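Here the structure is a predicted model, which is why all the values come from computation and not from measurement. Order of the sequence lines fixes the chain letters, A, B, ..., with proteins taken first and strands second; residue numbering starts at 1 for each chain.
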2 protein chains.
Amino acid sequence: MATELRPRGRPAGLNGDDLLAVAREVFLQRGYRGASMDEVARRARISKASLYREHASKSALYAAVVHHWTLAGRDAMRPALERLRASGDLRRGLVDLAETMRAGILSPPVVAMRRLVTAEAREQPEVAATYLEESWNTNIGRLAEALRALADSGRLRIEDPASAAEQFTWLVIGAPLNARMLGGDGSATGVDAAVDLFLAGYRANA
Amino acid sequence: MATELRPRGRPAGLNGDDLLAVAREVFLQRGYRGASMDEVARRARISKASLYREHASKSALYAAVVHHWTLAGRDAMRPALERLRASGDLRRGLVDLAETMRAGILSPPVVAMRRLVTAEAREQPEVAATYLEESWNTNIGRLAEALRALADSGRLRIEDPASAAEQFTWLVIGAPLNARMLGGDGSATGVDAAVDLFLAGYRANA
DNA sequence: CCTACCGATCGGTAGG
DNA sequence: CCTACCGATCGGTAGG
């Protein structure tokens, strides 16, 4: 039990980022409509009145959870992209990147968050748009920058890095993400076929 | 108003496939939890008791709606696949197929159904698994057959038609489907880049 | 086939 | 005195 020492009259309950983390768990487990403010408050060990003082409504709490999540996952691809730029073996670098992307995007919490935001896209389109822009398009843009750098250094021949980044992404994660979003275990078939096709189209030494 | 002539004591309300169509509209508009059995009964002009006599529960009605939907969309790709086999211009045939796939998979009702089934995949995994198998994997399998035929005739060089079918599919629809699932308008960038990359990897005359 | 109604629970807010 | 927080309950609605 997390019975911490609390100097004065400070309450035992959670707030701030810790409260958002608890709310995220509840939303991911129950879905938006299945999640109750009572459960969030109970698991955060605060009253509902306190919860509503930090977040004016259930939808505002949900928006805060998604926004906080996008900030946390913004730099997930950076290490693999830097390894790709530094790698002497282009093919190995792309395979490493592809496996990093799969491990991140196909991880259970990331899939669950995508399912949550997708399900609520009609009711709360601005939250879904924020997620798409801050999380997805940001990472695609960084991949495009890395591909452009490889093209500038003469290792790839790419006219449209943004399009190539999207193609690489969906070659790598399309099939297993689709399977996991629909509940299947995925059974990923390896990223080599994706990298092979990508290099067949964009390798410099044609 | 649809006040039809009814010869005898036949009730005015809907049943069978018409009832499923109304229920599908309600599920697509409201989501699973937002859809009420009262609204389905009201829009079908039957009592809730009659609705429950045809479908024992809300989840059973949902499962029937999804299953009926998968049967309706099973042959959507067939004409484009036959045109691909008969086409003299391989590239034009693939572009035609890609545009047909986009028009179907990105259409608002198909996206809405995918969003519904995805959102409910955790609560009702068997329904999502049925959708994945009967609708998605069936069409991917038919595309794989067509690619295998093109390989057998010497127009493509493909070792794994199933893998190539998945690659083609996600190159064509990955980015715009992702955008539409998250509420964006998509702004599809054309299928030429997808076909170009696919042919770079699988065209026979290497 | 319908009206009426159930046990349970929702998001949100009251007084102290 | 102030703040932060509590137990209790509001009006409506869900699936069945």
key: Those residues that, when tested against A:Phe198, pass ring-ring contact (aromatic ring centres under 6.0 Å, His included) (two or more places apart)   = A:Phe168, A:Tyr202

Only distances under 3.5 Å count here; give the side-chain donor-acceptor pairs of residues 96-112 of chain B to other protein atoms, sequence neighbours excluded, each with its distance to 0.1 Å.
residue  : atom : partner  : partner atom : Å
B:Asp96  : OD1  : B:Arg83  : NH2          : 3.3
B:Asp96  : OD2  : B:Arg83  : NE           : 2.8
B:Asp96  : OD2  : B:Arg83  : NH2          : 3.1
B:Thr100 : OG1  : B:Asp96  : O            : 3.0
B:Arg102 : NE   : B:Val172 : O            : 2.8
B:Arg102 : NH2  : B:Val172 : O            : 3.1
B:Ser107 : OG   : B:Gly104 : O            : 2.9

task = Look at all strands and tell whether B:Ser50 reaches a base, only sugar-phosphate, or nothing, counting heavy atoms closer than 4.0 Å.
result = sugar-phosphate

Write down the distance between [atom1] ([X]) and [atom2] ([N]), rounded to a whole number of angstrom.
X       : N      : atom1 : atom2 : answer
A:Asn15 : D:dA4  : CG    : P     : 11 Å
A:Glu54 : D:dT3  : CD    : P     : 17 Å
B:Leu61 : D:dG16 : CG    : C1'   : 14 Å
B:Glu39 : D:dG15 : CD    : P     : 10 Å
A:Ile46 : D:dA4  : CD1   : C1'   : 12 Å
A:Leu51 : C:dC10 : CG    : P     : 14 Å
B:His55 : D:dG16 : NE2   : P     : 14 Å

message = If a pair means Watson-Crick or G-U wobble with both distances below 3.5 Å, what does DNA chain C look like in dot-bracket form, with | marking bases paired to a different strand?
response = ....||.|.||.|.||

Under 3.5 Å, which N/O atoms of the protein pair with N/O atoms of nucleotides 11-13 of chain C?
residue : atom : partner : partner atom : Å
C:dG11  : OP1  : A:Ala35 : O            : 2.9
C:dG11  : OP1  : A:Lys58 : NZ           : 2.4
C:dG11  : OP2  : A:Met37 : N            : 3.2
C:dG11  : N7   : A:Lys48 : NZ           : 3.4
C:dG12  : OP2  : A:Tyr52 : OH           : 2.8
C:dG12  : OP2  : A:Lys58 : N            : 3.0
C:dG12  : N7   : A:Lys48 : NZ           : 2.7
C:dG12  : O6   : A:Lys48 : NZ           : 2.4

ask   = Going by the side-chain hydrogen bond (donor to acceptor under 3.5 Å, both in side chains) test, which pairs reach into residues 73-82 of chain A, not counting sequence neighbours?
value = A:Asp75-A:Arg78, A:Asp75-A:Arg142

query = What side-chain hydrogen bond (donor to acceptor under 3.5 Å, both in side chains) pairs are there with at least one residue in residues 51-63 of chain B, not counting sequence neighbours?
reply = B:Ser57-B:Ser59

inquiry  = Run the salt bridge (Lys or Arg N to Asp or Glu O under 4.0 Å) test against A:Glu134 and tell me which residues pass, sequence neighbours left out.
reply    = none

Pairing residues for B:Asp38 by the salt bridge (Lys or Arg N to Asp or Glu O under 4.0 Å) criterion, not counting sequence neighbours = B:Lys48

request  = Using the P atoms only, state how far C:dA8 lies from D:dG12, rounded to an integer number of Å.
outcome  = 22 Å

key: Summary of salt bridge (charged side-chain N to carboxylate O under 4.0 Å, His left out) pairs that have at least one residue in residues 109-124 of chain A, sequence neighbours excluded   = none

task = For the pair B:Asp160 and B:Arg148, find out whether any cationic side-chain nitrogen is under 4.0 Å from an anionic carboxylate oxygen.
result = no

ask   = Between B:Ser47 and C:dC1, is there a side-chain N or O to OP1/OP2 distance below 4.0 Å?
value = no

inquiry  = Can you tell me how far apart OG (B:Ser36) and CZ (B:Arg30) are? Round to the nearest 0.5 Å.
reply    = 7.5 Å

